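The structure under discussion appears below in the form of structure tokens.
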Protein chains: 4
Amino acid sequence: MTTKARKPKAAIAKAEEDGTRDKILNVAIQEFSRYGLSGARIDAIAAESGANKGMIYYYFGGKDDLYVAALEESYRRFRQIESEFHIDDLPPVPALRRLVSATFDYHAVHPEFIRMVMSENINQGEYIRKIPELQAINRPAIGLLDNLCQRGIAEGVFRADLDPVDLHMSISALSFYNVSNRYTFSYIFDRDLASKKVHEARRESVIDMILRYVRAP
Amino acid sequence: MTTKARKPKAAIAKAEEDGTRDKILNVAIQEFSRYGLSGARIDAIAAESGANKGMIYYYFGGKDDLYVAALEESYRRFRQIESEFHIDDLPPVPALRRLVSATFDYHAVHPEFIRMVMSENINQGEYIRKIPELQAINRPAIGLLDNLCQRGIAEGVFRADLDPVDLHMSISALSFYNVSNRYTFSYIFDRDLASKKVHEARRESVIDMILRYVRAP
Amino acid sequence: MTTKARKPKAAIAKAEEDGTRDKILNVAIQEFSRYGLSGARIDAIAAESGANKGMIYYYFGGKDDLYVAALEESYRRFRQIESEFHIDDLPPVPALRRLVSATFDYHAVHPEFIRMVMSENINQGEYIRKIPELQAINRPAIGLLDNLCQRGIAEGVFRADLDPVDLHMSISALSFYNVSNRYTFSYIFDRDLASKKVHEARRESVIDMILRYVRAP
Amino acid sequence: MTTKARKPKAAIAKAEEDGTRDKILNVAIQEFSRYGLSGARIDAIAAESGANKGMIYYYFGGKDDLYVAALEESYRRFRQIESEFHIDDLPPVPALRRLVSATFDYHAVHPEFIRMVMSENINQGEYIRKIPELQAINRPAIGLLDNLCQRGIAEGVFRADLDPVDLHMSISALSFYNVSNRYTFSYIFDRDLASKKVHEARRESVIDMILRYVRAP
DNA sequence: TATGAATGAGAGTTCATTCAT
DNA sequence: TATGAATGAACTCTCATTCAT
């Protein structure tokens, strides 16, 4: 059918728009995560994305707004991946192992996300507050973990006094630090955190730590 | 004797010199930790420290050099406090408990240090590499922990396969995150990490996690 | 056709662009020649050319780059005029007379060129080296003189051992000094080199000196 | 005698003063001749001369005053050398040959003097006018040449219509240019004016040009 | 939508000069 | 005389933002 072959006008416009808009947004995530809000350059984003500077203002409004959009998009991608863990099919301990392992790896593979979060904390969370959706985006992670904890407790393999938010925090902390403090730690203690070997050993250590922590006495 | 009570001329001069220089450095630590390298303003540092802008260049050379000096001073203060733990007088488990607790608290009380470290990681460790003394400043922390581990292992209360650097990393990660990600975490999960109650509960959780991890099977 | 009379869009755009850029360049030549590289003020160039300060950086990159552009343009104009001598139509002696006379006059009429060259020699030729085209721009002057010398020698009116570069240097020196040392010489010896009468007498003296030098024995 | 052995107090003071003062002045000549008035740095002069910056103000008053002092001293040294030519003992032609040759060489050996003069012409002679002695310092050069011209004319070896100021100017011009335009000329025409061989060939050319010019027909 | 030119506020830095000792 | 510290004006340069087309 011809109708299927033809894109409606609006869709075409949307698609083309998205081309430039998406390029800008992707480059912006790189630029902001690399240099922070104040260090990022609108000129650099325009040049790197091949777009005219005016387009940035056309699509996003201004530097701060672009930063907010980049921040939101970073979180969205992060949690989207998380939703693909499929840990409900496994028993509690292997499930938690997989969750920690995947979380740890995601951090390592997406330093730009870690850096965006660092930047925003340097900004004292000023901009994240402009994204009300963020809570909805992130909360499922707690629900997931909560379910897992309850399953583990019910089966008697996890201790009974687990707080899923606190546990989530520990997993995050141990995953985050490896990337966030990569440069200072590597330099000071001469241990290259980016190397595969160190990464894998550390992942095991982190998994071990979490599992020992949750294990029923 | 009165002559002894009087400061010699040189000392006075030194003290005065330190006056301006130290004021600048202290304000710089605040400014850089608050806004990062690119976001910090030389004008603001001058105004806040009551010094003429030229004095910053007179004493430190330039913005980057001042940043490096602020970075080094932050680390120096951090490790100085650490050296006052006196954990050798305690048995391994209480000693480790005290070390973790004090480390956790120091981070909470000195967010400017955490922020400096975050900034420098945003900068990809470009400036920290200009401070060769930094390794010497930080290494004792590992020695301390190493001694403790060996005591614990010898006494049979710690597991035998502990790596002090890895353990140090875990303690740091769990202490660091609470401050570094304070704003984003608090907002997203609605849990005020800066509140006393949350802080203390989290401290216990962290101590617990570390102790369970090192405990001999 | 009327369409031919109309400027194409691109040409208009080009013309307008040249407007600001050219104004800046012209003013820059004046400013740099008047005060030298270090003494020239970017603010003054912006104000005088009616351009925004940022435009200087937009078009030229920086103060030094603008200086280089001004230097190159000065040489270009100088040699362009020189190429219009048409001395090939005259016998050797009148031809040389015309060449010396015109060179001498050009210097007097374009003190900004002499001052640019002085400035660059104060700078030890640091910037001229960044203009590789400069040799190509200036070499024709030697070719011109070389042809003339050979004609004169062939006709037996010039001595046989003439070196065109050396001769060129003498003509330049005698033309240059009158402008380059105008202020000091005028003050010290109380002879106003800028006055028409002195200028003309001196021109005759210079022509005479060159002609006596080349004349066949 | 004791009086001979002892320096009077004033003299001691003078001598010591001269130590610092002279050092500053010598360094100032180098600095101003190297960078011009606006390019020279008080800090650099202080550092290079080993004197405190305050001393420059104590002895000379300010940057401009120091520049004037450096300018005057440069001229003084120049003319002092000139007064040692002893050309009265020679016949006119060899005398003139020696004068031109020595003038040419002095310029080459004292580029700092040429550069000071260039600088002052860039300044449009603004500061030289503050040195009334300068005329008295320089006029003897004309007297010397005038005497020589008259001897030569009287002996019939020089043409009768020589103007000593004009002749002086030609000698100066041909000597000056070789140093003043050293960098631009060398670069453009690929002839290293600083090399010994080129220098000597050029000196002969200049002497030749002057002698042919004055020779009686 | 897209572009190149333009703007203006403000940032880091320099530098002659002065001051207290 | 001599010094180190301090000052303030001015300078070069940057950068987010807007405008005309």
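All values reported here derive from a predicted model rather than from experimental measurement. The basis for the numbers below is simple: all heavy atoms, side chains too, and nothing from hydrogens, waters or symmetry mates. Lettering of chains follows the sequences in order, A, B, ..., and the numbering in each one begins at 1.
- Here dT14(F) presents its P atom at 14 Å from NZ of K63(C), a figure rounded to the nearest Å.
- Remark: the backbone N or O of N121(D) is paired with a side-chain donor or acceptor of R115(C) at under 3.5 angstrom.
- Pairing of dA20(F), defined by two Watson-Crick or G-U wobble distances under 3.5 Å, is identified with dT3(E).
- Under the Watson-Crick or G-U wobble criterion, with both distances below 3.5 Å, dC15(E) is paired with dG8(F).
- OP1 or OP2 of dT14(F) has not a single side-chain nitrogen or oxygen of R41(A) nearer than 4.0 Å.
- As a whole-Å value, the separation of M55(B) CE from dA9(F) C1' is 15 Å.
- Of the possible donor and acceptor atoms, one in the side chain of S38(C) sits under 3.5 Å from a partner among the backbone N and O of G39(D).
- Contact of K53(D) with dT3(F) (side chain to base): no donor-acceptor pair of N or O atoms is detected under 3.5 Å.
- Note: CD1 (I24(B)) to P (dA5(F)) measures 11 Å, nearest angstrom.
- One atom, CD1 of I42(B), and another, P of dT14(F), lie 16 Å apart when rounded to the nearest Å.
- A distance of about 13 Å separates the C1' atoms of dT21(F) and dT1(E), rounded to the whole Å.
- Atom pair I56(C):CD1 and dT7(E):P shows a separation of 12 Å (rounding to whole Å applied).
- Between Y59(B) and dG4(F) there is no side-chain polar atom (N or O) within less than 4.0 angstrom of OP1 or OP2.
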For a ring-ring contact (aromatic ring centres under 6.0 Å, His included) check, start with the C-alpha distance between Y67(C) and F60(C), then their side-chain angles and the critical distance, and finish with the verdict.
CA-CA 9 Å; Y67(C) 172 75; F60(C) 295 94; over 10 Å; no
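- Rounded to whole Å, the distance from NZ on K23(A) to C1' on dA2(E) is 13 Å.
- The side chain of Y57(C) approaches dC13(F) more closely than any other nucleotide in the set dA16(E), dG12(E), dC13(F).
- Sequence order on DNA chain F of the closest nucleotides to N52(D) and G62(C) puts N52(D) first from the 5' end.
- Atoms OH (Y67(C)) and C1' (dC11(F)) sit 19 Å apart, rounded to a whole Å.
- Closest approach of I131(A) and E72(A) over heavy atoms only: CG2-OE1, 3.5 Å.
- Where Y58(C) and L37(B) each meet DNA chain E at their nearest nucleotide, the meeting point lying more 5' is that of Y58(C).
- Computed from coordinates, the D43(A) CG to dA5(E) P distance equals 13 Å when rounded to whole Å.
- Looking only at distances, a side-chain donor or acceptor of N52(A) sits under 3.5 Å from a matching main-chain atom of G54(A).
- The side chain of T20(D) contributes an N or O atom lying less than 4.0 Å from OP1 or OP2 of dA2(F).
- As judged by a 4.0 angstrom heavy-atom cut-off over every strand, A40(A) is placed among residues touching the sugar-phosphate backbone only.
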